[in-house]
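Only one structure is covered here, and it is reproduced in the block below.
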4 protein chains.
Amino acid sequence: MQLGLVGLGKMGFNMRERLREGGHEVIGYDPRPEVSDVPTLAALADALPTPRVVWVMVPSGSITRETIVSLADELSAGDLVIDGGNSRYTEDAPHAKLLGDKGITYIDAGVSGGIWGLKEGYGLMVGGADADVERAMPIFDTLRPPGPREDGFVHAGPVGAGHFAKMVHNGVEYALMTAYAEGYEMLAAEDLVEDPQAVYQAWTNGTVVRSWLQQLLAKALKEDPGFAKISGYTEDSGEGRWTVEEAIRLRVPVPSIAAALFARFLSRQDESPTMKAVAALRNQFGGHAVKRISESG
Amino acid sequence: MQLGLVGLGKMGFNMRERLREGGHEVIGYDPRPEVSDVPTLAALADALPTPRVVWVMVPSGSITRETIVSLADELSAGDLVIDGGNSRYTEDAPHAKLLGDKGITYIDAGVSGGIWGLKEGYGLMVGGADADVERAMPIFDTLRPPGPREDGFVHAGPVGAGHFAKMVHNGVEYALMTAYAEGYEMLAAEDLVEDPQAVYQAWTNGTVVRSWLQQLLAKALKEDPGFAKISGYTEDSGEGRWTVEEAIRLRVPVPSIAAALFARFLSRQDESPTMKAVAALRNQFGGHAVKRISESG
Amino acid sequence: MQLGLVGLGKMGFNMRERLREGGHEVIGYDPRPEVSDVPTLAALADALPTPRVVWVMVPSGSITRETIVSLADELSAGDLVIDGGNSRYTEDAPHAKLLGDKGITYIDAGVSGGIWGLKEGYGLMVGGADADVERAMPIFDTLRPPGPREDGFVHAGPVGAGHFAKMVHNGVEYALMTAYAEGYEMLAAEDLVEDPQAVYQAWTNGTVVRSWLQQLLAKALKEDPGFAKISGYTEDSGEGRWTVEEAIRLRVPVPSIAAALFARFLSRQDESPTMKAVAALRNQFGGHAVKRISESG
Amino acid sequence: MQLGLVGLGKMGFNMRERLREGGHEVIGYDPRPEVSDVPTLAALADALPTPRVVWVMVPSGSITRETIVSLADELSAGDLVIDGGNSRYTEDAPHAKLLGDKGITYIDAGVSGGIWGLKEGYGLMVGGADADVERAMPIFDTLRPPGPREDGFVHAGPVGAGHFAKMVHNGVEYALMTAYAEGYEMLAAEDLVEDPQAVYQAWTNGTVVRSWLQQLLAKALKEDPGFAKISGYTEDSGEGRWTVEEAIRLRVPVPSIAAALFARFLSRQDESPTMKAVAALRNQFGGHAVKRISESG
């Protein structure tokens, strides 16, 4: 089918590729002319047959908001907008309302798979009305991995459900990564274990802990033994934070996900103020030595 | 090759099956005559050609210890014993010494895969001398899953390294399970999500969080929607506890693994003494109501 | 000085008492006529000399909001409103704005001390303009405990700073309670320790862990040995949740406070969905037994 | 009464002082002649009237063990040895046995209070037989703080109970320090709060979180605002590790204490291998940038 695709960054660019390979006519728009098929959002709207379908794949937050506002202007009643970015699910209802006031319908789609999605397909979690999801199904069927539809795609519920499921997916992802990483640190710390990489490689087949992430860790360790070349400084993209916030709202205890999130915060601190306070306290009551910060360095 | 197999429980029974299908001549011994091939350990020793290879697959702890002691009596110099059970790696050196005093060599083998190993193969992590591991390789090659050897088998280091790697494997397994389970609880708690099972099913393909455990959770949810039929009471087998203990010895922070372990402890308490104390404290300073335990129930 | 006090619940009632004992003329208003000094908020405004000072001590959330809105109607330019309740600090700026539009100034005051404050004084953390804080100082000086002002009172910063400091105070309080409670559970679990109460009693003097909360735990254990009479079911009042949410906003790792919060959530669950999922998973891969929920009960 | 005191370090030296001020005749032995009252342990034994009482105050571990062995040689039946150091409680039974074989009795005493104990008294938790504890009571009564005996002293149970209670005390102490420290970091991170020190100072009186440790943190912040002069690098003394290990043995969930312990481990790492692995994983699946370790530095 014909569709518009707004945002041709790391994810959107690959998705245009996969959709075209799947036989769709994709008109992509991006502010960077070197990747864009049309010069403006208005031109994108003009180029699409009505009723239009437009997939938005831009960074979450204000850029998504502005794009939705612009689309409300450029599109017309009967059109369908799909937000495939990592928007917080709480923004979906306002976006749906904003577009709905013009008769434009809305789907939120959580997209997983990273840079591997181009070749292997993207895991999809969508929220919206049945009719809208049905209408966009040819797109979803091309983006998702081959195999039974229910193994790589879910219509999780009404508007918001897709991004909620994607948010939880990412929260779980944080915790999984930390679990594997803690295991790595233990293997690396124990002298008996001659090569942690070999252990991680062996775990890729037949074990209970095997997974795609686990394979990637084995691969990463092969490429950079002992992780000698990289720092532990780790960003967080928002969805881990939102997961813990929503867990608090829902009164769901999530110690693993929270531990993974806090570990990322900590990885970006040169010195932990918490631990400075602990060190200072020990010194106060026990006369325990503290490590002074030397004047020269 | 010919080998003895001591212990024909859930794991050993299946392994005898897989080894025989792989062309090995296995003589199994178990105290339960209905599954045993020979009446006694002595008969097992008699039935095997020397130098013998004997795989021990009995519950960890005192039963493994006693089996090793008995084998030291029944076997002779040049024989090889492989402990495939879930022994703590700290027991491997004493076992190797005990057998070594008689000229018997020793390998520790961590075996992963559970009840699925019979069909899919077992992930193997072994510790021991090169010559011993080489000698037992035909057994390992049959037990491990098909594919490149390094993807389902590792010679992790000297005696102890196999069980150490398996212990860490299980610690990671604890944390992975908790991560997926926290995600499930969040999906189940949010009204927007119509069917958490469908989301877990969709995650099995194309997503970053896909894994064998993740598939099993989708399967479990399909078999028992909402986990209506089971309790959250969860045993722990020892290896989770050892992982945290060894992490402490190695000064490795393992918040995820520890959280998973503590969650199991908690699952077995009817009432948490910790939370009784917290409730009592709140009542003391704030006059907050506490839930009295009714006299009748 | 003369002041109005809106809200005569557990906290407000005691504070009226303490303020009167300190020589202030307090006119209290509460919807319950049996404790109220005046029939309406309007009557409260009429009874106070201008410029008025009104202390609000009602439950946080919509009731505080509505009270502020009503006061904006009843009071006049030059008056001062102090919100002493447990409002989230993010509500202070809107409240200050709402009142400020009428020329009424605003202070937020975090109040600690619980039911003991009447006799011992309340720890106070306030936010607002210097002139406003100065004006209300006679009230603060009566409410706070005797001794140097800086030991029981802080002007923490502009509007919002008082409630922020109080929120953190309560987050820390959650973690402290859990710390003492975990220690209690360990003492109670170890056979060598004949009486955990006696240990907690002994900790009240000379030890590093002594504190007011620690004394209260010793007292609670004396009143109800083994906490036989109460359940571990524990509410949370909002401030623990907000602390973790604000920690996430500030990118501050707070594992202890989060652990304490999650423990409260868990204490209110009959069965943990997370642990049901873990139990189901173990059953899937290991054939481990699960505890079935019996049909009869 | 007359007693010997072996070990005149930071703690023992002060205790000799306090005991002498309390009217006891203390003969101190230490390998450093400048602080020792006698040249050898044998001389100490000779100088004491029989039956002797000897308090051991040396670093836990092998030094305590060796001291007990030496005392078994130098002392005689009817004497009493008190181990006041931070020994792991599991060592008490062997020490008691070793001495008991010679007719010498044994008490384990956990001592809290740090460098402040000299002036304020030490919190004491002891384990041993009733008669032995009774015999040493004059010593305990001098060392403990003034006030009711049960507020600073507990005979917690048989041999081992004292050190067990002290171990739990220190585990709780770890968690308390982390709780206060997390609160500090939050106050320091929030712009609204003008001076975290002032807030901590205000918490010392009237608040629910007030405590001795809390006062010390206010004091530490006054001496080194913003903890500008110290590093967060924090040692751990053994008792925190043991507490988590014993919690595991007792199946007691201790998330707060474990979090505090792991935070210390982390404070001593320049780079977290766990977070390197997480960063590497993110890069693998998402193409997320990693921080390269520059070649020059």
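Keep in mind that the numbers below use all heavy atoms, side chains included, and drop hydrogens, waters and symmetry copies. Note on naming: letters A, B, ... go to the chains in the order of the sequence lines (proteins, then strands), and numbering restarts at 1 for each one. As the structure is a prediction and not an experimental result, all values here were calculated from the model.
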According to side chain to side chain donor-acceptor pair (under 3.5 Å), who are the partners of D:T207, at least two apart in sequence or on a separate chain?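 For D:T207, no residue satisfies side chain to side chain donor-acceptor pair (under 3.5 Å) once neighbours in sequence are set aside.
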Take D:E182 and C:V168 through the test side chain to side chain contact (heavy atoms under 4.5 Å, CB included) and record every step on the way to the result.
-> CA-CA 9 Å; D:E182 289 181 2; C:V168 173; over 6 Å; no
Considering only heavy atoms, which portion of [X] lies under 4.5 Å from any heavy atom of chain D: side chain, backbone, both, or neither?
X	value
C:R249	side chain
C:M177	neither
C:M125	side chain

Sort by residue number and list every member of residues 112-122 of chain D having a non-hydrogen atom under 4.5 Å from chain C.
->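 Hits under 4.5 Å: D:S112, D:G113, D:E120, D:G121, D:Y122.
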| So which residues of residues 241-248 of chain D are in contact with chain C at a heavy-atom cut-off of under 4.5 Å? |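 D:T243, D:E246, D:A247 fall under the 4.5 Å cut-off.
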Test side-chain hydrogen bond (donor to acceptor under 3.5 Å, both in side chains) applied to D:N86 and D:S60, step by step
CA-CA 5 Å; D:N86 273 333; D:S60 65; over 6 Å; no
I need the residue from [options] with the largest number of non-hydrogen atom pairs under 4.5 Å to chain C.
options	value
D:G147, D:G110, D:A258, D:P158	D:P158
D:A175, D:G152, D:A260	D:G152
D:A259, D:P253, D:G127	D:P253
D:L124, D:V154, D:L213, D:V199	D:V154
D:P145, D:A181, D:P148	D:P145
D:G171, D:G183, D:P146, D:P255	D:P255

Shorter than 4.5 Å, heavy atoms on both sides: which option in [options] has the most such pairs with chain D?
options	result
C:A202, C:G160, C:A161	C:A202
C:A263, C:A198, C:S256	C:S256
C:V254, C:D191, C:V159	C:V254
C:F153, C:Y89, C:Y174, C:Y180	C:Y180
C:Q201, C:H169, C:E190, C:R149	C:H169
C:L187, C:D195, C:T178	C:L187

For atom CD of C:E134, is the number of surrounding heavy atoms from other residues, nucleotides or ligands below 6.0 Å larger than 12?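 Result for CD/C:E134: open.
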Q.
Assess the residue pair D:H163 and D:M167 against the criterion (side chain to side chain contact (heavy atoms under 4.5 Å, CB included)); give the C-alpha distance rounded to whole Å, side-chain angles, the decisive distance to 0.1 Å, and a yes or no.
A. CA-CA 6 Å; D:H163 278 143; D:M167 177 196 74; over 6 Å; no
Quick one: are [X] and [Y] in side-chain contact, heavy atoms under 4.5 Å?
X	Y	value
D:D130	D:H155	yes
D:M15	D:M57	yes
C:V133	C:F140	yes
D:I107	D:D83	no

Could you tell me whether C:R268 and C:D236 have a side-chain N and a carboxylate O separated by less than 4.0 Å?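 Salt bridge flag = yes for C:D236 with C:R268.
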Residues D:E239 and D:K166 bridged, charged N to O under 4.0 Å
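Between D:K166 and D:E239 there is a salt bridge, with a charged N closer than 4.0 Å to a carboxylate O.
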Under the criterion side chain to side chain contact (heavy atoms under 4.5 Å, CB included), I'd like the reasoning laid out for D:W203 against D:Q214: C-alpha separation, chi angles, the key distance, then a yes or no. CA-CA 8 Å; D:W203 287 359; D:Q214 195 272 316; 3.2 Å; yes
- Item | Residue pair D:K219, D:E223: steps toward the side chain to side chain contact (heavy atoms under 4.5 Å, CB included) verdict | CA-CA 6 Å; D:K219 183 166 167 291; D:E223 293 169 10; 3.0 Å; yes
* Could you list the residues that satisfy side-chain contact (heavy atoms from CB on, under 4.5 Å) with C:S231, not counting sequence neighbours? =>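 C:S231: side-chain contact (heavy atoms from CB on, under 4.5 Å) contacts with B:E271, B:K291, B:I293, C:Y233.
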Original post:
Do you know which two heavy atoms are closest between D:D151 and C:T204, and how far apart they sit?
Top reply: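 Residues D:D151 and C:T204, closest heavy atoms: O-OG1, 3.3 Å.
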Nearest heavy-atom neighbours spanning C:L221 and C:Q197
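In terms of heavy atoms, the two residues are closest at CB-CG, 3.5 Å.
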Review point. Would C:Y106 and C:D132 count as a side-chain hydrogen bond (donor to acceptor under 3.5 Å, both in side chains) if you check the C-alpha gap in whole Å, the side-chain angles of each, and the deciding distance to 0.1 Å?
Key: CA-CA 8 Å; C:Y106 179 84; C:D132 296 322; over 6 Å; no
